[in-house]
Amino acid sequence: MSESRPRLIREDGLRVDGRKPEDLRPIRMEVEVLKNANGSALVEYGGTKVIAAVYGPRETPKAVQLPDRAVLRVRYHMAPFSTSEHKSPAPTRREIELSKVIREALEAVVFTDQFPRASIDVFIEVLQADGGTRTAGLTAASLALADAGIPMRDLVAGVAVGKVDGVIVLDINELEDEYGEADMPLGYAAGIGEIVLLQLNGVLTPEEFKKAVELGKRGAERIYAQMKETLHKKYLAVLES
Amino acid sequence: MSESRPRLIREDGLRVDGRKPEDLRPIRMEVEVLKNANGSALVEYGGTKVIAAVYGPRETPKAVQLPDRAVLRVRYHMAPFSTSEHKSPAPTRREIELSKVIREALEAVVFTDQFPRASIDVFIEVLQADGGTRTAGLTAASLALADAGIPMRDLVAGVAVGKVDGVIVLDINELEDEYGEADMPLGYAAGIGEIVLLQLNGVLTPEEFKKAVELGKRGAERIYAQMKETLHKKYLAVLES
Amino acid sequence: MSESRPRLIREDGLRVDGRKPEDLRPIRMEVEVLKNANGSALVEYGGTKVIAAVYGPRETPKAVQLPDRAVLRVRYHMAPFSTSEHKSPAPTRREIELSKVIREALEAVVFTDQFPRASIDVFIEVLQADGGTRTAGLTAASLALADAGIPMRDLVAGVAVGKVDGVIVLDINELEDEYGEADMPLGYAAGIGEIVLLQLNGVLTPEEFKKAVELGKRGAERIYAQMKETLHKKYLAVLES
Amino acid sequence: MSITPQREPIMPKLRAENIIKMLKKGERVDNRGLYDYRSISVSIGIIGKAEGSALVKLGGTQVIAGVKAELGSPYEDRPNEGVLQVHAEFVPLASPSFEPGPPNEDAIEVARVIDRSLREPRAIELSKLIVQPGRLAWVIYDDVYVIDHDGNILDAGMIASMIALAVTKLPKLEISGESVKINREVKETPLPLNTLVTTVTMGVLGDILVVDPSLEEESVLDTFISISVDEKGRIVGLQKKGLKSITPKTLDSAVEIALKKGEQVLSFIRKVISSPQEYMKW
Amino acid sequence: MSITPQREPIMPKLRAENIIKMLKKGERVDNRGLYDYRSISVSIGIIGKAEGSALVKLGGTQVIAGVKAELGSPYEDRPNEGVLQVHAEFVPLASPSFEPGPPNEDAIEVARVIDRSLREPRAIELSKLIVQPGRLAWVIYDDVYVIDHDGNILDAGMIASMIALAVTKLPKLEISGESVKINREVKETPLPLNTLVTTVTMGVLGDILVVDPSLEEESVLDTFISISVDEKGRIVGLQKKGLKSITPKTLDSAVEIALKKGEQVLSFIRKVISSPQEYMKW
Amino acid sequence: MSITPQREPIMPKLRAENIIKMLKKGERVDNRGLYDYRSISVSIGIIGKAEGSALVKLGGTQVIAGVKAELGSPYEDRPNEGVLQVHAEFVPLASPSFEPGPPNEDAIEVARVIDRSLREPRAIELSKLIVQPGRLAWVIYDDVYVIDHDGNILDAGMIASMIALAVTKLPKLEISGESVKINREVKETPLPLNTLVTTVTMGVLGDILVVDPSLEEESVLDTFISISVDEKGRIVGLQKKGLKSITPKTLDSAVEIALKKGEQVLSFIRKVISSPQEYMKW
């Protein structure tokens, strides 16, 4: 944090990658990218590349079944080559926590009560990590669930808001995450206006926090629109074929 | 063992902490110290602090059930802050062996045949280790079983006898354990006069061994009396309330 | 591979241990060497010592049962003292692969369809490793299966062919394995002329490969004959007793 | 893999409905107000072998935090700082629903939220814990040990950790040439702290917020939010948990409550650590 | 312990019989000839953070190979060489029959066959990857990541690995005195290669050989042989897999086919790595 | 967690009752006296690659002890001593009730009792196994490998360990400056021993003691006591095992028997190691 901390907001007020504080990185979305999975999606937020697959509703071992709803089983996992340094394949404490946080975000929107005793399995693989992997992963998971035809109350868009050099900025990249003052991942069901994931890793005043949530919601709404369009295109393509 | 081995018996014949060879350390006992467990006890032998909880008789996975008796499941475990150096939470070979030895000591007194297919689970947590943790743990487990109302042939009192600077001494502390010539943990059902736990870690002549067993029995009897009193007080308190 | 690579073919055309290229090492076989196992065998190829035991057909956990055949469960395992350097007991990736390769070699000959829902368990312990442990292990497993009375289409003999200093040689030892150009373990059901195990760890021209397979088959046939004789002797002994 | 958990413990339906009904009227089964903490009691120094320790009873929940200091390597990307390691163990002694074995996702989450709440506002001044830059540093282990689980483990663990760290004394270092050794006989230097921190955990029932939920309440509430605050009134961490969503409006209220309740808890912590001798009984 | 696996996925009996019947007539359900590979497509450089990477689609099978370079110790018995580590992960995203957890025997076998196929013909000149003899060497991690499993993972993983290694550029080393650091901003030196290598995997049905079996074919064929070949037409590895035996005569045919098909695959790899820019789209 | 085990193997009730009835009359199903060991046979040096090895057959029980010597760090609190590590593996080859996997509590107990029995009387003079004080020491691995389990693994393992250690020759060390290497071609220095040690294991049936119980006897007896003795007639270890208690009176008898039988076993061990060449057949 000390020596070579880079400057994150340039003199012209722009960020290290030339974005304005409220800009998203270029975002790419694609669904049905895998053959075996019931649903799948590839999502890129700038250099962050994530792929998600959904299997289910399917049979699940008795020991984890619930009588009145489906269980969600979610794994957030990083490929060994996704980070600057080679990552060991064993799940880290961070991966275990993020799997839980993403699962809980999805619990809030999936109509699990329609599939008692079944499981809906969501596998998220981070292929390249450049900031915002959990939120890109949540977006990908939501798209993959839609692609699998799992009924949901709403789609969920994920985006990380940060504070860098004192400025509240949208969709932080790895450099901004590492050297910034705060990283606040948000999962937002924009159609119904509900927050399904929220963490704060950093320090914010109450005013900054309010501003960050506001900026995050607006960013998520834009991502949400792109998600809708992506799914719409796919269904059109299906209808037209 | 070499360089800085401290003197364990002072010129006046007393031990490093001022006790006579046949002295116990100050012993504290308390039962019903936890809310969730069916029975619990806190036991201190000098600086050694141990807490034990009993859950059961309760349902147990089919794979471990026995048709004609309850299974005992016992875990002896040390808190990471219980030792001079920070202890990793993964169970050591020592903890695995001591869990077995304590389980077997309890098998000898619990009327397990009254609860076929059930399990009686005993969890012992060493909060601070200053010598005699397994025997203090056994005492605590026995109190917690009584507190849980599990029927037993007798209570069991644990105490470690040692040999330090050639002298057979009662209830050794950590320093005496580390630099002494022998550590002999004993579990004794004093009411029925039976030995339920016995190990020897050290070297004794047959005569010393006899003396050590004798001293251990006498010490255990004193601890046993205090256990009875502790339970008695609690039941009185219950009756009076 | 560089500095002190020893010469593997001497000026007289013989190998480091004095064998001709097509020579086997002294081979010892013994069956029924253990009391508990249903079948067992001890096999030595020179300095390589392997023991195999068979338990089964026996009941197996539901989760692994197959409705129309027995499952084979095979473990190839090296004793900690079997290698030059002390080996950790945890299974290595190599041991996991070899367990699979040996299991598949046995699948090809065991009449597993006669024992639906059962398991046939084969445990191979390498007591000393001096080259060719998997092939000696396969030979031992095959003998132990016969000793256990498990019906098979044929016995299987294992032998490793190698290329050392450019020469194709039979039954390589550890030195030849370490410094040679190729190690090709072969499992051969000589009675029916079928290959059940084949791997190549090294570089061969197509012509050398052909020659190596040929040499391996001839070597395996000799081992196969000794296996037959070993079993024959045992049954004679049984008949005579 | 994170899996939807079984709800534990299973509560009679009537009892559950009653708890909900009362909460909707602003009442709680234990007569607390919606924003009241249960009573908190503290015992300091109960683990003499630890460099610092505290037992916190938050209602029926009991958590011990034990702090140990060891020498180790600094992180490669932080060559001039000491190391903080927070771990939580939910030992089976504490609850019929805890299993022996490595920490599960709940224990890991508790430890990581406490860790971040300490790390982000630099509650501990890690730069003062370096011994030889790039080579040797103090490694501070904060172990959160749950011994009785009656709800809101996080706040109990956070308070216990904060107090244990605040009363921690580092052992003396004996340095001779290259060799550095710990002399645990002498413990003198307090851990350098920049601020106290606490978490405020609330259950969420629609737009109703319930501070410091008990185990019974936890098992009928689906959703929780924990907000970490420091002495400067800043938000230094946040974690939403549970199965349901939260609206932005409720989030605003939660922040407001957390700042207010957090201040109270921090005052309590300050009181404890300023007269530790009064809390040295167990 | 290796255990006879369940057959996955379970295929309708009629479908299975039809596949077999067709194979016996020399035909395949997807209209390929017995010795034809499915179409192969390649995307290079999709993982910018990796020193080299390639996504290979072999029919419906998708495999990513990512190559990372780190500094580490050389093996004790190879003090003058760098280290190659090949690992394969069959992540549960790729198939309903893959489970989370450490690599199972199938993933380990795939990794080890690729490893040996690279190691034995010295495809990578490891002696050029030593930094300080006996002390410091490049450790090259080749991670084979299966993301969609439609049969013949080995060949897809081998091709992806070979291409990823061929396009790998080592980061710059910044050496000052004893200290050696990796500067990943500058990646310049290609990995020194001696030859390209590939595997050719065939299903075995009696004396019929079926190149590049699809998942459907894999599930009706019991036995497989994978033969590794290099650019000099040598056999640099071989692995028989599966439940049945193979006759020496069929083995001879397999070698012949492998040499021929291997050459074709190696040409394809050469084409890709000689004009990598054409394959940089995903 | 230690769990009451299933009783293995299950024995016909009549057989069990008969064994008990006989023991009560002082008789055993295999015609031994109550205090008789089964026949012991020894093969030395069967593992040429080990620094020392012995196969011991105690009746139907077969145990191999293999001793390996490596270089490693001394323990921090024992900077002037070598290191002894005793491990036991109950491999599934040896019994239908043994499972593959890491050592269970029974295997750990056997290893630790052997370890303590060697360590406490300083059977091996560890101070002579230091190479560079505080930095480099011989690490002696004694691996107890059970290959056939017919009861009383501990005594078989102890005897095998003692013999294997007594015949162990350390490899030569090649020292040049800072570098120390093991040359396993030359093995010359015997391990420095101070005394021989053995355990004497007895089954307990009320006040009846049964030396060297067979597997059948083990499965009807609930309780065991193992007493370790050295050549000076001292008690150098003790472990009570099993489900029942033992009275002080029976304990006295057990000590008496152990001292007597231990002396006999130690004589046997002495005989073996004084003419090892006679025991080099397998």
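Letters go in sequence order (proteins before strands), and every chain restarts at 1.
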To the nearest 0.5 Å, what is the distance between CZ (E/R116) and CG (C/D183)?
-> 9.5 Å

Side chain from CB out, backbone as N, CA, C, O: work out which of these in E/V236 comes under 4.5 Å of a heavy atom of chain C, or both, or neither.
-> both

Spacing of E/K244 atom NZ and C/E104 atom CD [to the nearest 0.5 Å] | 12.5 Å

Taking atom CD of C/E181 as the centre, does the number of heavy atoms from other residues, nucleotides or ligands within less than 6.0 Å exceed 12?
-> yes

Which answer fits C/F123, side chain, backbone, both or neither, if we ask what part of it has an atom under 4.5 Å from a heavy atom of chain E?
-> side chain

Does C/E97 offer a backbone N or O that forms a donor-acceptor pair with the side chain of E/E109 under 3.5 Å?
-> no

Select one option (side chain, backbone, both, neither) describing which atoms of C/V213 are under 4.5 Å from chain E's heavy atoms.
-> side chain

Which value, rounded to the nearest 0.5 Å, describes the distance between C/L197 atom CG and E/Q239 atom CD?
-> 8.0 Å

4.5 Å side-chain heavy-atom contact, C/T205 and E/K232 | no

Side chain, backbone, both or neither: which part of C/E95 has a non-hydrogen atom closer than 4.5 Å to chain E?
-> neither

Residue part contacting chain E, namely of C/R94, when any heavy atom lies under 4.5 Å = both

Is it the backbone or the side chain of C/V101 that comes under 4.5 Å from a heavy atom of chain E, or both, or neither?
-> side chain

Kindly compute the distance separating CD1 (C/I195) from OG1 (E/T250), expressed to the nearest 0.5 Å.
-> 9.0 Å

Flag the pair E/I235 / C/M184 as yes when at least one side-chain heavy-atom distance between them is below 4.5 Å, and no otherwise.
-> no

Picking from C/V74, C/I192, C/T60, which has the most non-hydrogen pairs under 4.5 angstrom with chain E?
-> C/V74

Does any heavy atom of chain C fall under 4.5 Å from the side chain of E/D252, the backbone, both, or neither of them?
-> side chain

If you count heavy-atom pairs under 4.5 Å between each of E/L243, E/I108, E/D230 and chain C, which one has the most?
-> E/L243

Are the side chain of E/T4 and the backbone of C/L72 linked by a donor-acceptor contact shorter than 3.5 Å?
-> yes

Minimal non-hydrogen separation, C/R93 against E/V86, with atom names = NH2-O, 3.0 Å

Pick from E/L238, E/I246, E/V113: which one has the most heavy-atom pairs with chain C under 4.5 Å?
-> E/L238

For C/L66 and E/Q6, work out which heavy atoms get closest and say how close.
-> CD2-OE1, 3.5 Å

Pairs of heavy atoms under 4.5 Å with chain C: top-ranked of E/R119, E/K241, E/R234, E/E105 | E/E105

Nearest heavy-atom contact between C/A108 and E/S245 is CB-N, 3.8 Å

Residue from C/I96, C/V64, C/V203 scoring the most non-hydrogen pairs under 4.5 Å with chain E is C/V203

Are side-chain heavy atoms of C/K217 and E/P248 found at a separation under 4.5 Å?
-> yes

Check whether any side-chain heavy atom of C/R103 sits under 4.5 Å from a side-chain heavy atom of E/M1, and report yes or no.
-> no

Supply the atom-to-atom distance E/S228 OG to C/L200 CG, rounded to the nearest 0.5 angstrom.
-> 8.0 Å

Kindly check if the number of other-residue, nucleotide or ligand heavy atoms within 6.0 Å of CD (E/E256) is above 12?
-> no

Where does C/A63 contact chain E at under 4.5 Å (heavy atoms): side chain, backbone, both or neither?
-> backbone

Picking from C/R75, C/E194, C/H77, which has the most non-hydrogen pairs under 4.5 angstrom with chain E?
-> C/E194

Given E/T247, E/L259, E/L251, the one with more heavy-atom pairs under 4.5 angstrom with chain C than any other is E/L251

Based on non-hydrogen pairs under 4.5 Å, which of C/Q65, C/R69, C/E208, C/E214 is most in contact with chain E?
-> C/R69

If one checks every heavy atom of E/P103 against chain C at 4.5 Å, the contacting part turns out to be neither

